[in-house]
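The structure appears below as structure tokens.
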Amino acid sequence: MTIVAVGLTGSETRALRAEGVHVPTDIITRKSLIVASVINGALWIVFAIFAFLGEFVFPLVPIACTVWLAFHVRHWRSVPR
């Protein structure tokens, strides 16, 4: 399996996929995962502060961010380096 760099046009991508070359839909870098982890941690801290203050807060955004982060970490680990 060959992985091709980004920056291809739509027709180039279709041609490569027709040849059996794997073209990732998006590139996930270690740096982007670190930034997403920091944002996720900040969202959970904000939720914890509001919960500690007795405010009613539903953690939908932190939960969604955690699921998104888990999905992208799983995808990042599956890409050969």
Side-chain angles (χ1 to χ4, degrees):
M1 177 186 303
T2 305
I3 297 185
V4 179
V6 294
L8 302 172
T9 64
S11 60
E12 291 171 331
T13 303
R14 283 189 294 279
L16 288 172
R17 285 189 178 147
E19 294 175 13
V21 176
H22 175 69
V23 181
T25 55
D26 57 345
I27 300 298
I28 300 170
T29 63
R30 185 172 180 257
K31 184 178 179 180
S32 68
L33 289 176
I34 291 170
V35 170
S37 299
V38 169
I39 292 171
N40 190 24
L43 289 172
W44 278 111
I45 289 170
V46 168
F47 167 74
I49 290 170
F50 278 119
F52 180 74
L53 295 174
E55 299 290 328
F56 175 74
V57 182
F58 186 74
L60 181 62
V61 174
I63 289 172
C65 187
T66 302
V67 169
W68 179 87
L69 184 61
F71 175 75
H72 282 287
V73 167
R74 185 172 167 249
H75 177 75
W76 181 70
R77 284 186 175 180
S78 69
V79 174
R81 288 178 233 336

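Starting from 1, each residue takes its place in the sequence as its number.
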Minimal non-hydrogen separation, Ala36 against Cys65, with atom names: O-SG, 4.4 Å
Under 4.5 Å between side-chain heavy atoms, hopping through other hydrophobics if needed: is there a path connecting Leu43 to Phe50? no
Ring centers of His72, Trp68 separated by less than 6.0 Å: yes
Is there a continuous path of hydrophobic side-chain contacts, each under 4.5 Å between heavy atoms, that joins Ile49 to Ile39? no
Applying side-chain contact (heavy atoms from CB on, under 4.5 Å), run through Phe71 and Val67 and close with a yes or a no. CA-CA 6 Å; Phe71 175 75; Val67 169; 5.6 Å; no
Taking all non-hydrogen atoms of both residues, which atom of Ser32 and which atom of Thr29 are closest, and how far apart? OG-O, 2.8 Å
Using 30° and 60° as the class limits, which term best fits the ring planes of Phe47 and Trp44: parallel, tilted or perpendicular? perpendicular
At their closest point, which heavy atom of Asn40 faces which heavy atom of Pro62, and how far apart are they? OD1-O, 3.5 Å
Looking only at heavy atoms, which two atoms of Leu69 and Leu33 are closest? And how far apart? CD1-O, 4.0 Å
